[in-house]
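What follows is a short report on a single structure.
Quick note: residue numbers are just sequence positions, from 1.
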Amino acid sequence: GTHVAGSIAAGTNNGKLMAGVAWHAKMAGLKFLSDSGRGSTSGAIDAVAYSAAMGCKVSNNSWGGGGNSLALKAAIEKAAKTGQLFCASAGNSRKDNDRSPHYPSSYDCENIISVAASDSSDRLASFSCYGKNSVDLAAPGVRILSLLPNNKTASWSGTSMATPFVSGVGALVWSHFPDKTASEIRFALSVTAKDLGSPGRDEE
């Protein structure tokens with residue numbers, strides 16, 4: 001959570017060699033997973049519902065797993081009605097999400113933007129899931145330097161590291177165009193991303 005938060009909104013000029021995308025953003029940390037990554041779908045639903053009830057404009061979801069839950073999808077759709085952009089990591093299992101859906105990023109909800117990970121050469125990261133129809137874009141997700149608790153930093157990799165860049169950019173764009181809807185922000189992020197070719201893997 002700290003690493004993700006740093007990519008979104010870490011302060012500048014602090015000697016940490018990194019800064020968040022939207023360093024003036026206000027954030028709320030909603031924890032439904034344990035430190036070992038265990039949690040429940042009901043906990044995820046509660047977190048999504050709370051974020052919507054509190055009026056959070058952008059929700060960063062660097063988590064995933066489990067099966068298709070109609071209740072979780074309904075919670076995300078309800079968040080969409082409050083105007084929330086739901087940024088979700090596409091997963092790290094190298095799978096085509098068109099064939100093997102990854103939730104919550106694969107739900108067909110108007111406010112979800114699904115994020116794959118790219119490397120420093122603008123190629124799909126070796127671990128990243130992808131999907132021509134189910135993944136919207138990629139963001140840097142390999143050896144990303146960010147914050148850790150106790151005044152530390154570390155370089156981590158994953159679609160969980162890529163997603164906060166999109167969340168941060170979403171917040172930044174919204175700060176300049178506050179009258180835009182979540183769907184409009186999602187569309188703007190998708191169509192202005194650099195075209196790197198097919199999101200799939202040639203060998204697969």
Side-chain angles (χ1 to χ4, degrees), residues 1-9 25-117 127-131 133-139 141 144 146 149 156-171 174 182-183 185-186 189:
T2 304
H3 199 278
V4 167
S7 293
I8 296 173
K26 295 179 180 178
M27 293 191 299
L30 305 180
K31 182 174 180 177
F32 73 93
L33 298 175
S34 69
D35 292 349
S36 62
R38 295 182 179 275
S40 65
T41 299
S42 61
I45 292 170
D46 286 344
V48 173
Y50 183 85
S51 71
M54 293 296 102
C56 296
K57 301 291 286 183
V58 181
S59 174
N60 184 87
N61 298 275
S62 290
W63 57 275
N68 187 349
S69 166
L70 293 179
L72 178 55
K73 182 181 179 183
I76 297 170
E77 290 173 335
K78 188 173 181 180
K81 293 179 180 178
T82 70
Q84 182 184 108
L85 178 66
F86 191 96
C87 302
S89 56
N92 304 319
S93 60
R94 291 177 47 88
K95 293 181 179 179
D96 182 347
N97 288 355
D98 290 351
R99 299 178 181 177
S100 302
H102 172 272
Y103 299 107
S105 64
S106 291
Y107 288 123
D108 184 18
C109 299
E110 64 179 359
N111 61 328
I112 290 179
I113 185 162
S114 176
V115 184
F127 54 79
S128 182
C129 290
Y130 55 96
N133 299 311
S134 56
V135 176
D136 297 294
L137 49 74
I144 303 302
S146 191
W156 288 355
S157 301
T159 56
S160 289
M161 280 63 256
T163 305
F165 284 111
V166 178
S167 298
V169 171
W174 229 326
S183 294
I185 297 294
R186 179 184 181 277
L189 294 178

Interatomic spacing from [atom1] in [X] to [atom2] in [Y] - rounded to 0.5 Å:
X      : Y      : atom1 : atom2 : answer
Ile185 : Asn111 : CD1   : CG    : 13.0 Å
Tyr130 : Arg99  : OH    : CZ    : 6.5 Å
Met161 : Asn92  : CE    : CG    : 9.0 Å
Cys129 : Asp96  : SG    : CG    : 9.0 Å
Ile113 : Thr163 : CD1   : OG1   : 9.5 Å
Ser42  : Leu72  : OG    : CG    : 10.5 Å

### Task
Give a yes or no on this: more than 12 heavy atoms of other residues, nucleotides or ligands lie within 6.0 Å of atom NZ of Lys73.
yes

### Task
In sequence, state the C-alpha distance, the side-chain angles, and the governing distance for Val135 and Val115, and then conclude on side chain to side chain contact (heavy atoms under 4.5 Å, CB included).
CA-CA 6 Å; Val135 176; Val115 184; over 6 Å; no

### Message
Given Pro104, which partner from the list Asn68, Ile76, Thr41 fulfils the side chain to side chain contact (heavy atoms under 4.5 Å, CB included) test?
### Response
Ile76

### Task
Let me know which of Ser114, Pro101, Ser69, Ser134 forms a side chain to side chain contact (heavy atoms under 4.5 Å, CB included) with Tyr107.
Ser69

### Task
Hey, could you give me each pair passing ring pair (Phe, Tyr, Trp, His ring centres under 6.0 Å) that has a residue in residues 43-89? Not counting sequence neighbours.
Phe32-Trp63

### Message
Any non-hydrogen side-chain atom of Val166 less than 4.5 Å from a side-chain atom of Asp136?
### Response
no

### Student check: side-chain heavy atoms of Cys87 and Val58 closer than 4.5 Å
yes

### Closest heavy-atom pair and its distance - Ala117, Phe127
CB-CE1, 3.8 Å

## Note on the structure
Taking every heavy atom of Gln84 against every heavy atom of Ala52, the minimum-distance pair comes out as NE2-N, 3.8 Å

### Task
Taking atom types as modelled, find out whether Asn60 and Ser167 have a side-chain donor-acceptor pair closer than 3.5 angstrom.
yes

